[in-house]
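The structure under discussion appears below in the form of structure tokens.
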Number of protein chains: 2
Amino acid sequence: MGYGNVSERLKQPPQVGVSVVILALDPDSEHGRLWLPLVRRVRQPFLGCWALPGGDIRADRTLAQSAYEALESTTDLHPSYLEQLHAFGGPDRSHGGLPMVSIVYWALVGQAEAGDFAEADNVRWFPEDELASLDIAFDHREIIAYALDRLRTRIEYPDIAAKLVGPTFTLRQLHGVYEAITGTVLDLPNFRRKMLGSGELEETGDVLREGRHRPAAVYRYVPRKDAPAHPYAYAISGSRLAELDARVRAIAQRDTADAERGADDLSALTTE
Amino acid sequence: MGYGNVSERLKQPPQVGVSVVILALDPDSEHGRLWLPLVRRVRQPFLGCWALPGGDIRADRTLAQSAYEALESTTDLHPSYLEQLHAFGGPDRSHGGLPMVSIVYWALVGQAEAGDFAEADNVRWFPEDELASLDIAFDHREIIAYALDRLRTRIEYPDIAAKLVGPTFTLRQLHGVYEAITGTVLDLPNFRRKMLGSGELEETGDVLREGRHRPAAVYRYVPRKDAPAHPYAYAISGSRLAELDARVRAIAQRDTADAERGADDLSALTTE
DNA sequence: TCAAAAGTGTTCAGGATACACCCATGT
DNA sequence: ACATGGGTGTATCCTGAACACTTTTGA
């Protein structure tokens, strides 16, 4: 595996990997803040630091599938939304002189899905506002910042928020998500009109009782047929999720060894 | 260079390259349509087909710089705007079994800059609406479609249009660009108010006379300090362009041989 | 019956649209 | 003088923000 000296490595074809920024709502803090899982690096460089989950790219998968799979094998999460964020490269990423390119996806998981996940030693959820004091590997801090910025600015009514909050929700819950994400205060009456007016919310018929006051109607998100939103996004829902899961599992059985290397994003270039 | 059989190649790390979709206004058609340069492939696969200009990624350059450089070495164009579009990968791109990832940028050049370019045998400009009848390599047809869609939808007033039309322009010219890009009809009086109101247009003092009617005031585009637009975009202007040019030229002198391989995007994997 | 949240109505300001109109110029 | 495009004014519509208000529930 050893490459030659640094100037020789500059000529090498770059390594490529996928990484994923997974965002969810922190269920503990009641006023809704975002948090995300990071994995602890078990190799140099940045040994012991926290990094985005990631993995390799394989020729027989889509990039999005590779990202999805990397996520599964490292965190057991099944995101309901996955979209390519950006490809990162350049000289400052070339640790040890070998060029490194990461194709970064961002994912959203609902609170229910995030609950699935049993916290392991080397994977942990961090609230957004506690990242500052953390040792973060590579340029992953910037990448996370970029993902958060994207979430806040590219937020299109009401799909993104619906994916974060879970399959069903009251309008107040959805409202809370918006306020948490944008950091602004939104007039609740206007908010509900806007949401309902989008034609993408459907009443489930249920109501949620949670206090000595009028119960709230429960809605679900139903995407409209038009409005393609982001063409290369990868909204996983219902049958498509099942299909993808099956496919990923089949592959995983065949070569578990490969899949387990998921957490070692970028590690190949550092076995010096 | 030879790899083993197909199943062995599946395990190889993917090849990575940059490609660029360069968009400009066709000066011939007076009602303003878009066109773009493509390069003819001189190797298998898709020998003789037309492909996006592209090149390799080097560890000592930014991805954007790699794209810029690939563009220079293949087409002599100096785009005034360069932004990452998307990274493409996946099984359908694995010609010969070797995984291939392309990081695609899109670029805008003004009519003046497009004029610099002397048309060579293996590089030619094609109007947007003549692509259908063309033999296009790889999935570059889809990529072009995606870039055009992005141009049409992500158009933010008035920066993008200003970059297409050139350094100075009349409001009618700018108006024409908008209509050409969006394919819609825009009320001219309202358009001019909106543009002027944006505070990003500055009168040059010149006027353009071109008929037996009142001459039009000539404007230039002046970006405002706030409004960061796209964080990872790469707007090249003035001093930054010069600096980049110098750096690229210095590198090019040192290893011209490498730079000249720019047009052979993806070709490495096909030397069977 | 009262607190608390669900949900509705109404007003208002600012922006976008549509289009009528005047202004400057070359022939 | 008149045709042609440059440029301005203005009525109207629509959306979003602000906020007063009514309704429904549990205690």
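Reminder, nothing fancy here: chain letters follow the sequence lines and each chain counts from 1.
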Only distances under 3.5 Å count here; give the side-chain donor-acceptor pairs of residues 204-220 of chain A to other protein atoms, sequence neighbours excluded, each with its distance to 0.1 Å.
residue  : atom : partner  : partner atom : Å
A:Thr204 : OG1  : A:Asp206 : N            : 3.1
A:Thr204 : OG1  : A:Val218 : O            : 2.9
A:Arg220 : NH1  : A:Glu202 : OE1          : 2.6

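- Counting heavy atoms from C-beta outward, B:Val20 and B:Leu77 have side chains that stay 4.5 Å or more apart.
- Counting to the nearest Å, the C1' atom of C:dC19 and the CG atom of B:Leu186 are 15 Å from each other.
- Atom P of nucleotide C:dG15 and atom CZ of B:Arg193 are separated by 13 Å, given to the nearest angstrom.
- Contacts between residues 206-213 of chain A and DNA chain D, defined by a heavy-atom separation under 4.0 Å, are made by A:Arg209, A:Gly211, A:Arg212, A:His213.
- Between B:Glu128 and B:Arg152, at least one side-chain N (NZ, or NE/NH1/NH2) sits under 4.0 Å from a carboxylate O, which counts as a salt bridge.
- Note: NE2 (A:His175) to C1' (D:dA17) measures 13 Å, nearest angstrom.
- Remark: C1' of D:dC14 and NZ of A:Lys194 are 13 Å apart, rounded to the nearest angstrom.
- Which of D:dC19, C:dC19, C:dA24 sits closest to the side chain of B:Arg214 comes down to C:dA24.
- At least one donor-acceptor pair under 3.5 Å links the side chain of B:Asp187 to the backbone N or O of B:Asn190.
- One can place CG of B:Leu188 at 18 Å from P of C:dC21, the figure rounded to the nearest angstrom.
- The base of C:dA18 lies close enough to the side chain of B:Asn190 for a donor and an acceptor atom to sit less than 3.5 Å apart.
- When each of D:dG6, C:dG7, D:dG9 is scored by its nearest atom to the side-chain atoms of B:Pro189, the top-ranked nucleotide is D:dG9.
- A:Gln173 places its CD atom 13 Å from the C1' atom of C:dA5, with the value rounded to the nearest Å.
- At whole-Å resolution of the value, CZ in B:Phe191 and P in D:dG7 are 13 Å apart.
- Between the side chain of A:Arg141 and the backbone N or O of A:Leu134 there is at least one donor-acceptor pair closer than 3.5 Å.
- A residue-by-residue look at A:Pro215 and A:Asp187 shows that A:Pro215 has its nearest nucleotide of DNA chain C further toward the 5' end.
- For the side-chain contact (heavy atoms from CB on, under 4.5 Å) criterion with A:Lys163, the lone passing option out of A:Val165, A:Asp159, A:Ile160 is A:Asp159.
- Note: CZ (A:Arg192) to P (D:dT23) measures 15 Å, nearest angstrom.
- In this structure, the side chain of A:Tyr105 engages the main chain of A:Ala64 through a donor-acceptor pair within 3.5 Å.
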